[in-house]
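Notes for the one structure printed next.
First the proteins, then the strands, lettered A, B, ... as listed; each starts at 1.
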2 protein chains.
Amino acid sequence: MADGYHHGNLRAAVLERAARVIEEKGPYGFSLRSLATDLGVSHTAPRHHFGDRQGVLNALATEGFAELAERLRASAGDGGGFLESGVAYVGFAEDRPAHFTVMFEPSLLDLDDAELVAARRSAFAELRSGVRSLGEEVTDEPAAMVAGWSIVHGIATLALTGNLDRSGARDLFEGADLSTITRRSAGLLFGPSGPPESEG
Amino acid sequence: MADGYHHGNLRAAVLERAARVIEEKGPYGFSLRSLATDLGVSHTAPRHHFGDRQGVLNALATEGFAELAERLRASAGDGGGFLESGVAYVGFAEDRPAHFTVMFEPSLLDLDDAELVAARRSAFAELRSGVRSLGEEVTDEPAAMVAGWSIVHGIATLALTGNLDRSGARDLFEGADLSTITRRSAGLLFGPSGPPESEG
DNA sequence: CCTAAATCTTTACAGTGGCAACTTACCGGC
DNA sequence: GCCGGTAAGTTGCCACTGTAAAGATTTAGG
């Protein structure tokens, strides 16, 4: 179904290109119309697949949560502990920066969308089970949950927005890649040789 | 200078209202034109103070970095250690959500703007000096820098975007306020009773 | 073959950002 | 007192964007 009139695979093409545009110019530079023009279709063609602009972003976010859940599941399967789940989290952000950005910016999304809700719930469940795998070593589980999630989310966000570079913090690591930075930094929380005890 | 023709304090009024709009609808929902209409001026009036739309966001970010630097300085002066600097960081994000959002989203900004660069540099310097105050207790200073910054930045970002609520993580704290959550979570990294040793 | 559904196009409209030219008000020097 | 410069604000214009309705094109299935 690609005949000069029908594109054939417009939905996938839009998502792919949207991700690239968002990578380069951010979610606010993303124009549905210019994107359609670039793909050689009329400016309203994407509406039949996504409804409106927000629909494209919702689809990206849903796709993103699904892949994130998958990566976290795989990482847990490898038995690397929560630190490796964190590395997987940051790795996902690095590989899919546009998806990651959109996933966590609710002002871009329709939060009531059923598919999005399901995908996010699934990803969060993986995250929680990663923390729970720390077991009895942790005395304050809510704090461990927030601490673990926040530190990797923080690393991912600061890296993606270029703030790690601009602040000079990245230079301190002398060219180490992001997963190394993540291991050394997040390792201070839940190191490979066991977490610190949480003192009263 | 407020005579029915001249507004009198347009610059401040624009910044204040822009912050409120961004709080409610995000940076994408922020329209320079509707904002001007709401303030009772023509749609091009703000241009004389900010140049263009990006100029408004740059001004917000600059304002934000200045206030953040100030709060970090004050917190360091109180001698609360790095954990209290972190609480101040999250507190700033909670009090000025729009500023915080814009400050760390470079696609919204002109990163070459001299005032913005200076304000950010000043805030980052405060952050670094907070980590340095941890002194010899820390063996891997780059990692401590990134870990400390990331964990509080992560908490702030996840809280502001509502993801702490949506994930159910906030419920685990049974209504505790954000500074308490920050102390308990970030405290696992650099607790009030001293940081964990970073093991080789 | 023929109808229904899916996909894409055309056309239209309101809202937005940016620019140029013009107007109004104040301010400092004479 | 007034006069010219400057800051602040307005009007009108253009290009671009998102959204909507209605029509065109192709495929798929009975």
Side-chain angles (χ1 to χ4, degrees), chain A residues 1-22 24-61 98 102 105-110 112-113, chain B residues 1-22 24-61 98 102 105 107-110 112-113 115:
Chain A
M1 189 165 175
D3 46 35
Y5 191 92
H6 295 90
H7 178 281
N9 201 13
L10 186 56
R11 188 189 149 90
V14 165
L15 287 177
E16 189 194 355
R17 186 146 196 129
R20 212 171 56 217
V21 172
I22 292 173
E24 290 168 5
K25 301 197 276 180
Y28 309 104
F30 156 60
S31 148
L32 199 47
R33 228 172 156 120
S34 74
L35 191 150
T37 303
D38 289 350
L39 290 176
V41 295
S42 79
H43 61 273
T44 56
R47 276 177 57 83
H48 289 272
H49 298 275
F50 302 100
D52 58 0
R53 186 192 133 101
Q54 206 174 40
V56 179
L57 301 172
N58 259 70
L60 274 180
V102 172
E105 183 50 69
S107 69
L108 297 171
L109 303 171
D110 171 16
D112 295 332
D113 181 86
Chain B
M1 190 164 173
D3 45 36
Y5 192 93
H6 294 89
H7 178 282
N9 201 12
L10 186 57
R11 189 189 149 90
V14 166
L15 287 177
E16 189 194 355
R17 187 149 196 125
R20 212 169 58 214
V21 172
I22 292 174
E24 290 168 6
K25 302 197 275 179
Y28 184 77
F30 155 61
S31 147
L32 201 48
R33 229 169 155 120
S34 74
L35 193 151
T37 303
D38 289 350
L39 290 176
V41 296
S42 77
H43 60 272
T44 55
R47 275 178 56 85
H48 290 272
H49 297 277
F50 302 101
D52 58 1
R53 187 190 133 100
Q54 205 175 41
V56 178
L57 300 172
N58 259 68
L60 273 180
V102 172
E105 184 49 71
S107 71
L108 297 171
L109 302 172
D110 172 15
D112 295 331
D113 181 85
E115 294 183 42

Quiz item: How long is the span from the OG atom in B/Ser34 to the NZ atom in B/Lys25, to the nearest 0.5 Å?
Solution: 6.0 Å
Exercise. Side chain of A/Ser42 only, please: which of D/dG18, D/dG9, C/dC8 is the nearest?
Key: C/dC8
Practice problem: Report yes if the side chains of B/Phe50 and B/Asn58 come closer than 4.5 Å at any heavy-atom pair, otherwise no. | Solution: no
Quiz item: Rounded to the nearest 0.5 Å, what separation is found between the CG atom of B/Asp38 and the CZ atom of B/Arg33?
Solution: 13.5 Å
Self-check item: For DNA chain C, the residues among residues 47-60 of chain A that have a non-hydrogen atom under 4.0 Å from it
Solution: A/His48, A/His49
Quiz item: If every non-hydrogen atom of B/Ala19 is compared with every non-hydrogen atom of B/Ala98, which pair is closest and at what distance?
Solution: O-CB, 3.2 Å
Practice problem: Any chance you could measure B/Arg11, atom CZ, to B/His48, atom NE2, to the nearest 0.5 Å? | Solution: 14.5 Å
Exercise. Starting from the C-alpha separation in whole Å, work towards a yes-or-no answer on side chain to side chain contact (heavy atoms under 4.5 Å, CB included) for A/His49 and A/Leu10.
Key: CA-CA 8 Å; A/His49 298 275; A/Leu10 186 56; 3.8 Å; yes
Quiz item: What is the distance from CZ of A/Phe30 to C1' of D/dG18, rounded to the nearest Å?
Solution: 11 Å
Quiz prompt | Rounded interatomic separation in angstrom, taking OH from B/Tyr28 and P from D/dT17 | solution = 10 Å
Quiz item: Centre of B/Phe30's six-membered ring, under 6.0 Å away, within 45 degrees of the axis: is that where NZ or CZ of B/Arg20 sits?
Solution: no
Exercise. Would you work out how much the helix from C/dC1-D/dG30 to C/dC30-D/dG1 bends between its ends, with each end axis defined by five base pairs, to 10 degrees?
Key: 0°
Quiz item: Which nucleotide sits closest to the side chain of B/Ser31: C/dC8, D/dT10, C/dT16?
Solution: C/dT16
Exercise. Measure from CG on A/Asp110 to C1' on D/dG18 and round the result to the nearest Å.
Key: 17 Å
Quiz item: Counting only heavy atoms not in B/Glu115, do more than 12 sit closer than 6.0 Å to its CD atom?
Solution: no
Exercise. Quickly work out the B/Leu39 CG to D/dG9 C1' distance and round it to whole Å.
Key: 13 Å
Quiz item: Only one of A/Val21, A/Ile22, A/Leu57, A/Leu60 clears side chain to side chain contact (heavy atoms under 4.5 Å, CB included) with A/Pro27; which?
Solution: A/Ile22
Check nucleotides 11-13 of chain C against the protein and report each pair of N or O atoms closer than 3.5 Å, with its distance, or say if there are none.
unit_1	atom_1	unit_2	atom_2	d
C/dT11	O4	A/His43	NE2	3.1

Quiz item: In Å, rounded to the nearest 0.5 Å, how long is the span from CD of B/Gln54 to OG of B/Ser107?
Solution: 9.0 Å
Quiz item: Got a second to check how far A/Leu35's CG is from A/His43's NE2, nearest 0.5 Å?
Solution: 13.5 Å
